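Shown next, in structure tokens, is the structure this report addresses.
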Amino acid sequence: METNRSSDFFVRFWGVRGSIATPGKETVEYGGNTSCVEVRVGGKLLIFDGGTGLRVLGKTLLPNMPIEAHLFFSHSHWDHIQGFPFFVPAFIPGNSFHIYGAIAPNGATIKQRLSDQMLHPNFPIPLRGMRSEMIFHDLRPGDRVKIDDILIETAHLNHPSEAIGYRVTWQGRTAVYCTDTEHYADRLDENVLFLARDADVFIYDATYTDEEYYHPQFSKVGWGHSTWQEAVKICKAAGVKKLVIFHHDPAHGDDFLADVEAQVSAAYPDACLAREGTKLVL
């Protein structure tokens, strides 16, 4: 059994896909579950987003109960919350979860939005059926969260209905979770630069390539996502050590993503595409 010492700081990917889960033979290498990233830092468990990858993570946590974890949501589009109703540890008394999310433009809290997706007729068990302890924390972009000596900084991201990015710093090491966000045509996003500054690991939404994003017939401008080429620009400007391309388009199979990975690696030496199961030690 793997131990998680108080001196550890690592990132592990449980869901790397955007928009919709894509199981099948074309997504075996990189994975088909939607967004969920585990961060172990200073003896604490932090989880970023609750896509379908959260269900898989939950299964691995069961042998180590009772569980205490901090779950941070970037936003509440379905691909980032659809695994939450299937997160088994949340149904078990004795487990404890701090749940964080920004207040939506319409004023809805993260608790309201998680509850709404579990109401009849959409789901058979309401949020109150989860018997673990849940403590909800409403955030606004720019808020800072302290968990012992771990600092989590936040910033607004450019995405429909809004999203929030997270920067986790502990003992001089930093991991950044920056999805879903769309770059600007005329400048680098100051909020993304703020999150990315001197980061050891920078996880960035690069759903598209530049060719797809600027396609004359099927443009993705305004869809709320970025490209790997923009990721490289951010990393060079911010002094990022390792770039991880994340939130893969459901239309991109393993062969397509392998080609993208080769191009990204050529453009930025310490770069890779996120794969389910990959563990990065800081």
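Everything quoted here is computed from the prediction, not taken from an experiment.
Residue His248 holds its NE2 atom at 8.0 Å from CZ of Arg275, rounded to the nearest 0.5 Å. The CZ atom of Phe84 sits 9.5 Å away from the OG atom of Ser115 when rounded to the nearest 0.5 Å. Note: Lys242 NZ to Leu282 CG = 10.5 Å, rounded to the nearest 0.5 Å. Here CZ of Arg167 is found 10.5 Å from CZ of Arg144. Values are rounded to the nearest 0.5 Å. In this structure, Asp189 CG and Ile234 CD1 are separated by 6.5 Å, a value rounded to the nearest 0.5 Å. Between Glu38 atom CD and Leu54 atom CG the span is 10.5 Å, to the nearest 0.5 Å.
Residues Pro89 and Ser132 share a closest heavy-atom pair of O-CB, 4.0 Å. Closest heavy-atom contact between Asp205 and Thr179: CB-OG1, 3.3 Å. The two residues Tyr268 and Lys236 come nearest to each other via the heavy atoms CE1-CG, 3.8 Å. For Ser76 against Ile81, the heavy-atom pair with the smallest separation is O-CD1, 3.4 Å. Counting all heavy atoms, side chain and backbone alike, Leu195 lies closest to Thr154 at CD2-C, 4.2 Å. Leu157 approaches Asp180 most closely through the heavy-atom pair CB-O, 3.7 Å.
Counting only N and O atoms by type, the side chains of Thr227 and Asp210 include a donor and acceptor under 3.5 Å apart.
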Given Ser161 and Asn106, is the side-chain contact (heavy atoms from CB on, under 4.5 Å) satisfied, shown in steps?
CA-CA 9 Å; Ser161 301; Asn106 68 355; over 6 Å; no
Using the side-chain contact (heavy atoms from CB on, under 4.5 Å) rule, take Asp198 and Thr174 through it: C-alpha gap first, then chi angles, then the decisive distance, then the call.
CA-CA 8 Å; Asp198 300 317; Thr174 297; over 6 Å; no
Stepwise, does the side-chain contact (heavy atoms from CB on, under 4.5 Å) test hold for Ile99 with Leu114?
CA-CA 10 Å; Ile99 300 174; Leu114 292 175; 4.1 Å; yes
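For Asn158 (side chain) and Glu182 (main-chain N/O), a donor-acceptor pair under 3.5 Å exists by modelled atom type. Checking side-chain atoms of Asn95 against main-chain N and O of Met65 turns up no donor-acceptor pair under 3.5 Å. A distance-only check finds no donor-acceptor pair linking the side chain of Glu26 to the backbone of Gly253 [under 3.5 Å]. Put simply, the side chain of Arg17 gets close to the backbone of Gly31: a donor and an acceptor are under 3.5 Å apart. The closest donor-acceptor contact from the side chain of Arg12 to the backbone of Arg40 lies at 3.5 Å or more, if one exists at all. Checking side-chain atoms of Thr34 against main-chain N and O of Asp79 turns up a donor-acceptor pair under 3.5 Å. For the pair Thr52 (side chain) and Ala21 (backbone), a donor-acceptor distance under 3.5 Å is absent. Remark: the backbone N or O of Arg128 is paired with a side-chain donor or acceptor of Arg131 at under 3.5 angstrom. When atom types are taken as modelled, the side chain of Tyr166 and the backbone of Phe73 share a donor-acceptor pair closer than 3.5 angstrom. Side-chain N or O atoms of Asn191 include one that pairs as donor or acceptor with a backbone N or O of His156 at under 3.5 Å.
Taking 4.5 Å as the limit, some side-chain heavy atom of Phe202 sits within range of a side-chain heavy atom of Val192. You'll find the side chain of His70 stays beyond 4.5 Å of the side chain of Val145, heavy atoms only. Contact of the Leu119 side chain with the Asp116 side chain is registered, since non-hydrogen atoms from C-beta on lie closer than 4.5 Å. The side-chain heavy atoms of Val168 and Phe9, taken from C-beta on, include a pair separated by under 4.5 Å. When side chains are defined from C-beta on, Phe194 counts as touching Glu153, because their heavy atoms get closer than 4.5 Å. Taking the side chain as every heavy atom from C-beta outward, Glu162 and His75 never approach each other to under 4.5 Å. At least one side-chain heavy atom of Phe87 sits under 4.5 Å from a side-chain heavy atom of Leu61. Counting only heavy atoms from C-beta outward, the side chains of Cys178 and Thr181 approach each other to under 4.5 Å.
Here Phe256 pairs with Thr209, Glu212, His252, Val260 under the side chain to side chain contact (heavy atoms under 4.5 Å, CB included) rule; sequence neighbours left out.
The aromatic rings of His215 and Phe218 sit tilted, their planes meeting at an angle between 30° and 60°.
The number of heavy atoms from other shown groups lying within 6.0 Å of CD (Glu190) does not exceed 12. With a 6.0 Å radius and a threshold of 12 heavy atoms from other residues, nucleotides or ligands, Lys220 has its NZ atom above the threshold. Heavy atoms of other residues, nucleotides or ligands lying less than 6.0 angstrom from NZ of Lys241 number more than 12. Counting heavy atoms of neighbouring residues, nucleotides and ligands inside a 6.0 Å radius, atom CD1 of Ile20 does not exceed 12 of them. The number of heavy-atom neighbours closer than 6.0 Å to NZ of Lys146, taken from other residues, nucleotides and ligands shown, is above 12.
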Show me the donor-acceptor pairs, under 3.5 Å and distance only, between side chains in residues 42-50 and residues at least two apart or in other chains.
| from | atom 1 | to | atom 2 | distance (Å) |
| --- | --- | --- | --- | --- |
| Lys44 | NZ | Asp148 | OD2 | 3.4 |
| Asp49 | OD1 | Ser74 | N | 2.8 |
| Asp49 | OD1 | Ser74 | OG | 3.2 |
| Asp49 | OD2 | Ser74 | OG | 2.8 |
| Asp49 | OD2 | His80 | ND1 | 2.7 |
| Asp49 | OD2 | Tyr177 | OH | 2.6 |

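Within the structure, ring pair (Phe, Tyr, Trp, His ring centres under 6.0 Å) pairs that include any residue of residues 121-142 comprise Phe86-Phe123, His98-His137, Tyr100-His137 (at least two apart or interchain).
Follow the hydrophobic side-chain contacts under 4.5 Å out from Ile152 and you reach Val201 in the same cluster. Note on Tyr208 and Leu257: separate hydrophobic clusters, where clusters join Ile, Leu, Val, Met, Phe, Trp and Tyr whose side-chain heavy atoms are under 4.5 Å apart, directly or indirectly. If you chain together hydrophobic residues whose side chains sit under 4.5 Å apart, Ile103 and Phe72 never meet in one group. Residues Leu57 and Ile203 are members of separate hydrophobic clusters, defined by side-chain heavy-atom contacts under 4.5 angstrom among Ile, Leu, Val, Met, Phe, Trp and Tyr. Leu71 and Ile110 fall within a single hydrophobic cluster, where Ile, Leu, Val, Met, Phe, Trp and Tyr side chains are chained together by heavy-atom contacts under 4.5 Å.
Residue Ser35 is tested with Phe13, Trp14, Phe246 for a side chain to side chain contact (heavy atoms under 4.5 Å, CB included); the sole match is Phe246. Screening Asp259, Leu243, Val244 for a side chain to side chain contact (heavy atoms under 4.5 Å, CB included) involving Val264 leaves a single residue, Leu243. In summary, of the residues considered (Trp223, Trp228, Tyr213), a ring pair (Phe, Tyr, Trp, His ring centres under 6.0 Å) with His183 occurs for Tyr213 alone.
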